[in-house]
Amino acid sequence: MGSLPAALHSYPLSNLAIPGSHDSFSYWVDEKSPVGPDQATAIKRLARISLVKKIMKKWSVTQNLTFKEQLEGGIRYFDLRVSSKPGEIGQEIYFIHGLFGIKVWDGLKEINTFLEQHPKEVVFLDFNHFYAMDDSHHFFLINRIRSAFESKLCSVECVEDVTLQYMWEKKHQVLIFYHYPLFREYAFLWPGNKMPAPWANTTNVHKLIQFLETTLEERSRYGTFHVSQAILTPRVKTIARHLIRGLKNTLVHRNLPMILNWVKAQKPGIMGVNIITSDFVELVDFAATVIALNDLLLEEDETSSKS
């Protein structure tokens, strides 16, 4: 974000085009751990067979790159789902998508290291799914977040006031969105409803694009950010038909070009795109394509000044 043209530094972040990743942490999942509490009981029973976990991994992994690699590639929004590990002593929290991923603390430290080295970069961390967590787990996680980022955390403000200029003046770099009632007790936790992320839940790329268009038209003009989830979601029968091929080879590879063409046709701004997320963000020039959309705001400014 530090490399965006100066004219965009005073734009609300909610009006900029920002690249994000879906299930951002899922580049590594642990086949040896128990199946996560986000899965149905029937899946947990089946997963006692080692082959089932190998198949699950093929469908649980939605990214190849680590947090550091995603950040270096331009990703600035992270979709985070977390859980305690049932039966484990203590309150450690892990990332989860079918299978358990790395400890949340390790991911937060990795992100903070990048931010220390790039003081003009800003990230959005969206904690939107919680499993097997009571309030004590949440307090533990929130304290971890505070310990990791300290003064980099941006307190809740009017969305339209949050610009790059504002963040730099305050020396803030992190916006945390927390979809759980305890957000009310912490000034640095933004409520989840400030980061709506409508989900198409389809395997059909044409239905996905229609859904993305419709939800953009319905986007609130003011008061929230907005996530366009440019992702396809496998159904049970999709997985059954393509067991060993996995998500990437079944849905992502063949549909990414059409999804990227939709991205290229978008425009940021009050009623335009804001954050766009994708699976396997490195397979195409996703981040650079999203960031380049911001040039359209400059063209709009030039046209307005001439008229």
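The residues of the chain are indexed from 1 along the displayed sequence.
- A donor-acceptor contact shorter than 3.5 Å is absent between the side chain of T289 and the backbone of K264.
- Residues W105 and F140 do not share a hydrophobic cluster, clusters being chains of Ile/Leu/Val/Met/Phe/Trp/Tyr side chains in contact below 4.5 Å.
- Not a single donor-acceptor pair under 3.5 Å links the side chain of H118 to the backbone N or O of L115.
- Residues M167 and L4 share a single hydrophobic cluster, defined by chaining ILVMFWY side chains whose heavy atoms lie under 4.5 Å apart.
- Donor-acceptor pairing under 3.5 Å is lacking for the side chains of N204 and T202.
- Judged by a 6.0 Å distance limit and a 45° cone about the ring axis, K85 is positioned over the six-membered ring of F100.
- One finds the CH2 atom of W262 at 15.5 Å from the NE2 atom of H206 (value rounded to the nearest 0.5 Å).
- The side-chain heavy atoms of Y27 and T62, taken from C-beta on, include no pair separated by under 4.5 Å.
- Contact detail for A230 and L208: the closest heavy-atom pair is C-CD2, 4.0 Å.
- Results of the side-chain hydrogen bond (donor to acceptor under 3.5 Å, both in side chains) test with K152 over E116, H172, Q173 single out E116 as the only residue that passes.
- Side-chain heavy atoms closer than 4.5 Å link hydrophobic residues (I, L, V, M, F, W, Y) into clusters, and following such links, possibly through other members, connects V82 to Y180.
- In this structure a side-chain-to-backbone donor-acceptor pair under 3.5 Å is missing from T224 to M195.
- The nearest pair of heavy atoms linking S14 to N274 is O-CG, 3.3 Å.
- To the nearest 0.5 Å, atoms CZ (R146) and CG (L153) are separated by 9.0 Å.
- S228 places no side-chain N or O within 3.5 Å of a backbone atom of L212 that could act as its donor or acceptor partner.
- When side chains are defined from C-beta on, W199 counts as touching I231, because their heavy atoms get closer than 4.5 Å.
- Two different hydrophobic clusters hold F211 and V227 under the rule that ILVMFWY side chains link at heavy-atom gaps under 4.5 Å.
- Between S84 and Y131, the closest side-chain pair of non-hydrogen atoms is not below 4.5 Å.
- Separating the CD1 atom in I176 from the CD1 atom in I145 is a distance of 5.0 Å, to the nearest 0.5 Å.
- Side chains of F183 and W190 form no contact here, defined as non-hydrogen atoms less than 4.5 Å apart.
- In terms of heavy atoms, T163 sits closest to H9 at CB-O, 3.4 Å.
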TODO: Output, in order, the C-alpha distance, side-chain angles, deciding distance and verdict of side-chain contact (heavy atoms from CB on, under 4.5 Å) for T66 and Q70.
DONE: CA-CA 6 Å; T66 64; Q70 289 181 49; over 6 Å; no
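- The environment of CD in Q210 is sparse: at most 12 heavy-atom neighbours from other residues, nucleotides or ligands sit within 6.0 Å.
- Annotation: Y178 is in aromatic contact with F130 [ring centroid separation under 6.0 Å].
- S60 places a side-chain N or O within 3.5 Å of a backbone atom of H97 that can act as its donor or acceptor partner.
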- [ ] For side-chain hydrogen bond (donor to acceptor under 3.5 Å, both in side chains), just list the numbers for D126 and H179, CA-CA rounded to whole Å, side-chain angles, deciding distance to a tenth of an Å, and then say yes or no.
- [x] CA-CA 8 Å; D126 189 3; H179 299 240; 2.7 Å; yes
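- Looking at L283 and V252, their side chains come closer than 4.5 Å, going by heavy atoms from C-beta outward.
- In this structure, D79 contributes its side chain and H22 its backbone to no donor-acceptor pair below 3.5 Å.
- A donor-acceptor pair under 3.5 Å is absent between the side-chain atoms of R144 and the main chain of V104, judged by distance alone.
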Task: Candidate pair K68 and E72, rule salt bridge (Lys or Arg N to Asp or Glu O under 4.0 Å), full reasoning - done: CA-CA 6 Å; K68 178 176 183 283; E72 289 170 345; 2.8 Å; yes
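- Shown here for A287 and I75, the closest heavy-atom pair between the two residues is CB-CD1, 4.2 Å.
- Considering only heavy atoms from C-beta on, L182 stays 4.5 Å or farther from L189 through its side chain.
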- [ ] Using the side-chain contact (heavy atoms from CB on, under 4.5 Å) rule, take F114 and N112 through it: C-alpha gap first, then chi angles, then the decisive distance, then the call.
- [x] CA-CA 5 Å; F114 176 87; N112 187 59; over 6 Å; no
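- Using a 4.5 Å cut-off on side-chain heavy atoms (C-beta onward), V123 and L175 make no contact.
- Taken to the nearest 0.5 Å, the CD atom of E121 stands 8.5 Å off from the CG atom of L164.
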Open item on the list: Under the criterion side-chain contact (heavy atoms from CB on, under 4.5 Å), I'd like the reasoning laid out for S24 against Y77: C-alpha separation, chi angles, the key distance, then a yes or no.
Closed with: CA-CA 9 Å; S24 310; Y77 165 91; 5.7 Å; no
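- With hydrogens and angles disregarded, no donor-acceptor distance shorter than 3.5 Å links the side chain of N15 to the backbone of Y11.
- Ring centers of F177 and F127: at least 6.0 Å apart, outside the cut-off.
- With Q229 contributing its side chain and A197 its backbone, the two residues share a donor-acceptor pair below 3.5 Å.
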- [ ] Dump the intermediate steps for side-chain hydrogen bond (donor to acceptor under 3.5 Å, both in side chains) on N64 and E282, then the final yes or no.
- [x] CA-CA 8 Å; N64 288 326; E282 82 290 347; 2.6 Å; yes
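- Ring centroid separation for the pair F67 and F95 comes in under the 6.0 Å cut-off.
- The shortest distance between side-chain heavy atoms of K120 and M1 does not fall below 4.5 Å.
- When all heavy atoms are compared, the tightest approach of G90 to H137 is O-NE2, 4.5 Å.
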Open item on the list: side-chain contact (heavy atoms from CB on, under 4.5 Å) for I270 and Y222? Distances and angles first, verdict last.
Closed with: CA-CA 7 Å; I270 290 174; Y222 304 104; 3.8 Å; yes
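- Placement of L216 and M271 in two distinct hydrophobic clusters is found when ILVMFWY residues are connected by side-chain heavy-atom separations under 4.5 Å, directly or transitively.
- Atom CD of E213 and atom CD of Q266 lie 5.0 Å apart (nearest 0.5 Å).
- Nearest heavy-atom pair, P257 versus H253, reported as atom, atom and distance to 0.1 Å: CD-O, 3.5 Å.
- Checking side-chain atoms of N294 against main-chain N and O of L16 turns up no donor-acceptor pair under 3.5 Å.
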